[in-house]
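In what follows, a structure is listed as structure tokens, so that the remarks can point back to it.
This is a predicted model, so every value here is computed, not measured.
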Amino acid sequence: MRIKLSVITGSRAVVTRADGEMSFGDPIDIDSPAPLALNGVEESERDVLLSEMGADTFKCSGVHSEHDGWWQCGCGAVNLKRGTCWNCGAVREKLADLEDAAFLD
């Protein structure tokens with residue numbers, strides 16, 4: 001619930017299962033995405049390619065990660081059974097290339 005005139009400065013979530021099962025195991029922590037290991041030219045090319053796919057380049061500024069039944073976008077959003085990030089619009093299948101310096105060169 002958001003309080004009127006408030007500013008949200010952060011949030012935290014715990015994913016315990018990414019499938020339709022009703023039993024839950026131990027919760028896992030979801031860390032912030034790791035920073036990209038790209039130089040300025042590579043980051044600029046990445047931003048152009050993200051923009052062309054309709055993604056928000058400001059939000060999608062980290063490294064995405066793949067997990068069992070879910071993935072975390074470079075913007076930090078957790079996605080279940082989705083090919084496009086619900087938060088920034090990045091396309092899952094293209095993110096690995098957009099984090100690879102050799103591809104961007």
Applying salt bridge (charged side-chain N to carboxylate O under 4.0 Å, His left out) to Arg92 and not counting sequence neighbours gives Glu66
One should read off an interatomic distance between Glu99 CD and Ser65 OG, to the nearest 0.5 angstrom, of 9.0 Å
Students should find that the hydrophobic cluster of Phe103, defined by side-chain heavy atoms under 4.5 Å apart, otherwise consists of Leu36, Leu38, Leu49, Leu50, Met53, Val63, Trp71, Val91, Leu95, Leu98, Leu104
For residues 45-67, the ring-ring contact (aromatic ring centres under 6.0 Å, His included) pairs (sequence neighbours left out) are His67-Trp70
Residue set satisfying side chain to side chain donor-acceptor pair (under 3.5 Å) with Glu93, at least two apart, ordered chain then number -> none
Heavy-atom closest pair (Cys73 atom, Pro33 atom, distance to 0.1 Å) is O-CG, 3.6 Å
Heavy-atom closest pair (Cys75 atom, Cys85 atom, distance to 0.1 Å) is SG-SG, 3.6 Å
So salt bridge (charged side-chain N to carboxylate O under 4.0 Å, His left out) across residues 39-61, not counting sequence neighbours, yields none
Review point. Is a donor on one side and an acceptor on the other found under 3.5 Å between the side chain of Trp86 and the backbone of Val78?
Key: yes
